Amino acid sequence: MSNGLEDVVAAETILSDVDGLAGRLIIRGQPLDALTGYASYEQVLALLWDGFFADLPEDLTTPLANARAAVYRVVEREQSLLAELPVYDGVRAVMARLPDDTDLETALLLTAAPAVALPAAIRLQAGKRPRAPQLGLGHAADMLSMLGDVAADPAPAAALDSYLVTVVDHGLNASTFAARVVASTLAGLNSSALAALGALKGPRHGGALGPVLDMLDAIGTADKAAAWIENELANGRRLMGFGHRIYRVRDPRADVLKAALERLTRSGAVDTTRVELAQQVEAVALAALKRHKPDRVLATNVEFYPALLLETLGFPRSAFTAIFAASRIGGWIAHAREEAANGRLIRPKSLYVGPVPRVAA
Ligand code: ACO
């Protein structure tokens, strides 16, 4: 038995490879740093989905924009739900209204769903009307345009696009595994996506983004970082944004997203004092983790810098995990299609350790 299925190989994939020792991530043959900042989210989607839909066009920009327009019609009907529910749950509710087929149209609608529902939810909860998507914009630029009161500048749109590209796929993580388990039963893409959404929500997976900022707020200034962190670790609490099941070195996604944040800083769109505080907290945390857990490499993970990036782009922290989902949905769909094609139901065994009935003498 392997607790947490650690080191168990449960699928063959052509989608992505996580090399935890080398700190390397490959997405369909491309190293991550050749994609982030160079390819758009739509281009990476086309790369990931290649071979999984017979009618996949080379350029997904317009089909995805059309899907955003279709989802917006659902969002308009579900405004009261989006205004009331926590953002993540509202996104999930909108997604549940979409079809549960396995074709390209369903895949595009599901991919559009978080991108459209989450800006609408944020606006509704701030007492504003949702803004409709615009056909001429790319996916990331349109998300920002639906969020703000004016069209997004190129630098923030490029930063969000970098984020969406960076976290789109990552081997057999918990949410992707959930998507594949459901797909192996031959349920539709929406069923896989909803299962994956549930898995992503937890703080050990996609739910650490907001708590990273809570930690920076609690620390306040760099001179208080060491004492605050020591106290957390002494009380057995985990530092959000550090540690990973697979990476035994720094998560490569942390580096490309730190670079994206630096590009945004240079564009003048960022409060640099916050970024400087984060860098100082990171250094103190890494040193403290090394002292407290000398046998375990606990490095910066993918959640640390994006938290600052997304905050800078104007997203409230209550929406961070839903933005993660807005990217990862592309990976979930590819994995679901790959798993369904494999044709074998995922059905592991459990080790029974409960009481056994007494056998009469
Ligand atoms: N801070 C302090 N201690 C930690 C941390 C951390 N961030 N992460 C792991 N440890 C410690 C554990 O307490 C444990 O110590 P012990 O052996 O003395 O009990 C040891 O390291 C191993 O921990 P596990 O939970 O077995 O390691 P696992 O591989 O399951 O952990 C995880 C991975 C869940 C991400 C963990 O590092 C964690 O909780 N990090 C903080 C939350 C976080 O940043 N989540 C986002 C992950 S990235 C993503 O999913 C997209």
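As the structure is a prediction and not an experimental result, all values here were calculated from the model. Whatever order the structure lists ligands and atoms in, that order sets their numbers, starting from 1. What you see below is based on every heavy atom in this structure, not just the backbone, and it leaves out hydrogens, waters and symmetry mates.
- Residue A174 does not touch ligand 1, judged by heavy-atom distances below 4.0 Å.
- Proximity of D251 to ligand 1, defined as any heavy-atom pair under 4.0 Å, is not found for any part of the residue.
- No donor-acceptor contact under 3.5 angstrom links the side chains of S192 and W332, judged on distance only.
- Given atom 9 (C) of ligand 1, the protein heavy atom at minimum distance is L298 CD2, 3.5 Å.
- Of the polar atoms of F242, at least one N or O is found under 3.5 Å from an N or O of ligand 1, judged by distance alone.
- Looking at R28 and D169, no side-chain N of the basic residue comes within less than 4.0 Å of a carboxylate O on the acidic one, giving no salt bridge.
- Taking distance alone, with nitrogen or oxygen atoms compared against 3.5 Å, G241 approaches ligand 1 more closely than that limit.
- For R274 and D217, the salt-bridge test passes: some basic side-chain N is under 4.0 Å from an acidic carboxylate O.
- Residue L239 has at least one nitrogen or oxygen atom sitting less than 3.5 Å from a nitrogen or oxygen atom of ligand 1, judged on distance alone.
- Residues R328 and H170 have side chains that never bring a donor and an acceptor to within less than 3.5 angstrom of each other.
- With Q125 contributing its side chain and L82 its backbone, the two residues share a donor-acceptor pair below 3.5 Å.
- Residue-level proximity to ligand 1 for N173 is absent, since no heavy atom of it falls below 4.0 angstrom.
- Of all the heavy atoms of V167, none lies under 4.0 Å from any atom of ligand 1, so neither backbone nor side chain is involved.
- Relative to atom 51 (C) of ligand 1, the option among R328, E303, E6, E232 with the closest non-hydrogen atom is E303.
- Aromatic rings from F242 and F304 are positioned such that their centres are separated by under 6.0 Å.
- Atom 15 (O) of ligand 1 has as its closest protein heavy atom K293 NZ, 3.2 Å.
- Of the candidates R238, H244, H292, R237, it is R238 that places a heavy atom closest to atom 23 (O) of ligand 1.
- Sorted by first and then second residue, the pairs that involve residues 81-97 and meet side chain to side chain donor-acceptor pair (under 3.5 Å), not counting sequence neighbours, are E78-R97, D89-R92, D89-K201.
- Nearest protein heavy-atom contact of atom 20 (C) of ligand 1 is R296 CD, 3.9 Å.
- Contact of the M1 side chain with the K349 side chain is not registered, since no non-hydrogen atoms from C-beta on lie closer than 4.5 Å.
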